[in-house]
Amino acid sequence: DIQMTQSPSSLSASVGDRVTITCRASQGINNYLAWFQQRPGKAPKSLIYDATSLQSGVPSKFSGSGSGTDFTLTISGLQPEDSATYYCQQYNIFPLTFGGGTRVEIK
Amino acid sequence: EVQLLESGGGLVPPGGSLRLSCAAFGFSFSNYAMSWVRQAPGKGLEWVSIIRDSGGDTAYADSVKGRFTISRDNSKNTLYLQMNSLRAEDTAIYYCVKGSGGTYPQSRNFDYWGQGTLVSVSS
């Protein structure tokens, strides 16, 4: 199975900050990498697919980068509503696997 | 507007069975692959199973293989998950998830999620 390792597991940042979350795959995934946001008590929401493409309706403050095995999610201009847990996921090979999540807290 | 409405969750004893349903609205259901993803209380996301647009191809996580069966009825725009031989570790919120296409890799790219249905396995 492909292991997805996210870092950090949690972070705290101020309103207006730019934050970066890292996701590393245990092997190459052809850039078939997605990012999801899950607010407390809510279902996940899709943000990014194919490592860098924004899902329809997602604000451009979210961006994805990376290739090969190393990927990042960047959130610009952090707002209170961005407080959530963020997950990466590879969809290159079965079983589809998720990272452990990164909890983003607003100071 | 895409909507995915799960139902069928509940409390079931170990070894019991349950069938989840997911009614889909707002898109051409028969053109898209569909998946189930679960989340144990306080834990992360775990992919469970996927079914192709036509229903011909399926795949499962090892943790549920041989116990769970995914199926779909394209005439009813409904996705199912039959869960047998349930264990305590199957306790989770089960999400119905839409793929962004019918074939690889879009079939595995999740674009819409339902609100989930809670399955609790306990005596």
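Not measured: the values here are computed from a predicted model. First the proteins, then the strands, lettered A, B, ... as listed; each starts at 1.
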Part of [X] within contact of chain B (heavy atom distance under 4.5 Å):
{"X": "A:L33", "result": "neither"}
{"X": "A:D50", "result": "neither"}
{"X": "A:F94", "result": "both"}

Quick one: what part of [X] sits under 4.5 Å from any heavy atom of chain A, side chain, backbone, both or neither?
{"X": "B:Q39", "result": "side chain"}
{"X": "B:F110", "result": "both"}
{"X": "B:I93", "result": "neither"}
{"X": "B:V97", "result": "neither"}

Subject >> Row check, B:Y80 ring normal vs B:R19 NZ/CZ: under 6.0 Å, within 45° >> reply: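 Judged by the rule (NZ or CZ under 6.0 Å from the ring centre, within 45° of its axis), B:R19 counts as positioned above B:Y80.
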Original post:
Is the charged tip of B:K98 near the ring of B:F27: under 6.0 Å from the six-membered ring centre and within 45° of its axis?
Top reply: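 Positive - B:K98 is close enough to the ring of B:F27 and near enough to its axis.
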Original post:
In terms of side-chain geometry, is the basic nitrogen of B:D90 or B:R87 positioned less than 4.0 Å from the acidic oxygen of its partner?
Top reply: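 No salt bridge links B:D90 with B:R87.
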Original post:
Within the distance-only criterion (no hydrogens, no angle test), does the side chain of B:Y60 pair as donor or acceptor with the backbone N or O of B:I70 below 3.5 angstrom?
Top reply: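 Checking the backbone N and O of B:I70 against the side chain of B:Y60, a donor-acceptor pair under 3.5 Å is found.
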Subject >> Flag, side chain of B:R72 to backbone of B:R52, donor-acceptor distance under 3.5 Å >> reply: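 Such a contact is found between B:R72 side chain and B:R52 backbone.
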Subject >> Pair B:N109-B:S100, side-chain donor/acceptor within less than 3.5 Å >> reply: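 A donor-acceptor contact under 3.5 Å links the two side chains.
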**OP:** Identify which of A:A34, A:P95, A:P44 forms the greatest number of heavy-atom pairs closer than 4.5 Å to chain B.
**Re:**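 Sorted descending by pairs with chain B, the first entry is A:P44.
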